[in-house]
Chemist: 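First the structure, then my questions, so here it is.
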Amino acid sequence: MIRRYQEQDLDALMALWLTTTIHAHPFIEQSYWLESEPLVRNVYIPDATTWVSCENDKIIGFISVMEQQFIGALFVDFNQQGKGIGKALIELAKTHYPRLLLEVYRENTHALQFYLAMDFHIVSEQPHPETQQVTLIMQWQAPLIAA
């Protein structure tokens with residue numbers, strides 16, 4: 001079941017974010033994510049439109065869209081990956097926004113392949129200012145409907 005994020009979801013959502021982001025980015029020091037946690041908790045999540053995927057009342061995935069177009073987070077519990085949860089969350093966001101952008105680390109090849117399969121394409125790349133790892137900006141655009 002996918003539903004809108006509620007304030008009482010914050011602790012569970014943050015726990016999922018931290019464990020999943022550390023697992024997905026072994027090429028980045030764990031301390032970077034621990035230091036980023038207050039910013040994600042206190043700024044990014046409150047400022048974003050977020051949907052959560054739940055199973056038996058437990059959050060197993062979420063997507064956060066900032067500024068009506070930027071996917072700031074898409075995370076699925078490692079044990080639940082490959083079951084279509086991430087795809088369902090992306091497809092839901094596509095129904096709400098005509099254009100989506102995201103940033104992904106080039107070394108996160110699993111995520112990169114997933115986004116390519118979801119019809120995103122790379123529009124630029126640059127080193128991340130804090131981690132010095134190369135990040136890719138990817139975009140998806142809704143097809144134009146002929147009049």
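Nothing fancy with the numbering, it's 1 onward along the sequence.
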Chemist: Kindly compute the distance separating CH2 (W17) from CD1 (I22), expressed to the nearest 0.5 Å.
Modeler: 7.5 Å
Chemist: Using ring-ring contact (aromatic ring centres under 6.0 Å, His included) as the criterion, list what pairs up with H23, not counting sequence neighbours.
Modeler: F78
Chemist: With sequence neighbours left out, what residues match Y105 under ring-ring contact (aromatic ring centres under 6.0 Å, His included)?
Modeler: H25, F27, H128
Chemist: Listed by chain and number, what are the salt bridge (charged side-chain N to carboxylate O under 4.0 Å, His left out) partners of E37, not counting sequence neighbours?
Modeler: R41
Chemist: E35: which residues meet the salt bridge (charged side-chain N to carboxylate O under 4.0 Å, His left out) condition with it, sequence neighbours left out?
Modeler: none
Chemist: Donor-acceptor check, side chain of T21 to backbone of L18, threshold 3.5 angstrom: yes or no?
Modeler: no
Chemist: Could you give the distance from CG (L16) to CG (D11), rounded to the nearest 0.5 Å?
Modeler: 12.5 Å
Chemist: Pair L101, I71 - check side-chain contact (heavy atoms from CB on, under 4.5 Å), show working.
Modeler: CA-CA 6 Å; L101 296 164; I71 298 174; over 6 Å; no
Chemist: What pairs meet the salt bridge (Lys or Arg N to Asp or Glu O under 4.0 Å) rule with one or both residues in residues 61-76, with sequence neighbours excluded?
Modeler: none
Chemist: Among residues at least two apart in sequence or on other chains, which ones pass side-chain hydrogen bond (donor to acceptor under 3.5 Å, both in side chains) with Q6?
Modeler: Q8
Chemist: Go through the structure and list residues passing side chain to side chain contact (heavy atoms under 4.5 Å, CB included) with A24, not counting sequence neighbours.
Modeler: N108
Chemist: Could you list the residues that satisfy side-chain hydrogen bond (donor to acceptor under 3.5 Å, both in side chains) with E29, not counting sequence neighbours?
Modeler: none
Chemist: Can you check side-chain contact (heavy atoms from CB on, under 4.5 Å) on Y97 and T49, steps first, answer last?
Modeler: CA-CA 11 Å; Y97 307 104; T49 300; 3.6 Å; yes
Chemist: So does Y44 have more than 12 non-hydrogen atoms from other groups sitting under 6.0 Å from OH?
Modeler: no
Chemist: Quick one: CZ on F120 to CD1 on I90, what's the gap to the nearest 0.5 Å?
Modeler: 4.5 Å
Chemist: If only atom types and distance count, is the side chain of Q133 paired as donor or acceptor with the main-chain N or O of P127 below 3.5 Å?
Modeler: no
Chemist: Can you give me the closest heavy-atom contact between I59 and A12, atom names plus distance?
Modeler: CD1-CB, 4.2 Å
Chemist: Can you list the residues that meet the side-chain hydrogen bond (donor to acceptor under 3.5 Å, both in side chains) rule with D77, with sequence neighbours excluded?
Modeler: none
Chemist: Can you run down the side-chain hydrogen bond (donor to acceptor under 3.5 Å, both in side chains) pairs that involve residues 50-63, sequence neighbours left out, and say none if there aren't any?
Modeler: T50-S64
Chemist: Output all residues satisfying side-chain hydrogen bond (donor to acceptor under 3.5 Å, both in side chains) with K94, sequence neighbours left out; order by chain, then residue number.
Modeler: none
Chemist: Could you give all pairs that pass the salt bridge (Lys or Arg N to Asp or Glu O under 4.0 Å) test and reach residues 100-116, with sequence neighbours left out?
Modeler: R106-E125
Chemist: Set out, in order, the CA-CA distance, both residues' side-chain angles and the distance that settles side-chain contact (heavy atoms from CB on, under 4.5 Å) for T95 and E91, then state yes or no.
Modeler: CA-CA 7 Å; T95 68; E91 293 297 343; 5.8 Å; no
Chemist: Determine, step by step, whether L116 and M138 satisfy the side-chain contact (heavy atoms from CB on, under 4.5 Å) criterion, reporting the C-alpha distance in whole Å, the side-chain angles of both residues, the deciding distance to 0.1 Å, and the verdict.
Modeler: CA-CA 9 Å; L116 289 169; M138 300 184 77; 3.6 Å; yes
Chemist: Given 3.5 Å as the limit, does a donor-acceptor pair link the side chain of Q132 with the main chain of P129, or not?
Modeler: yes
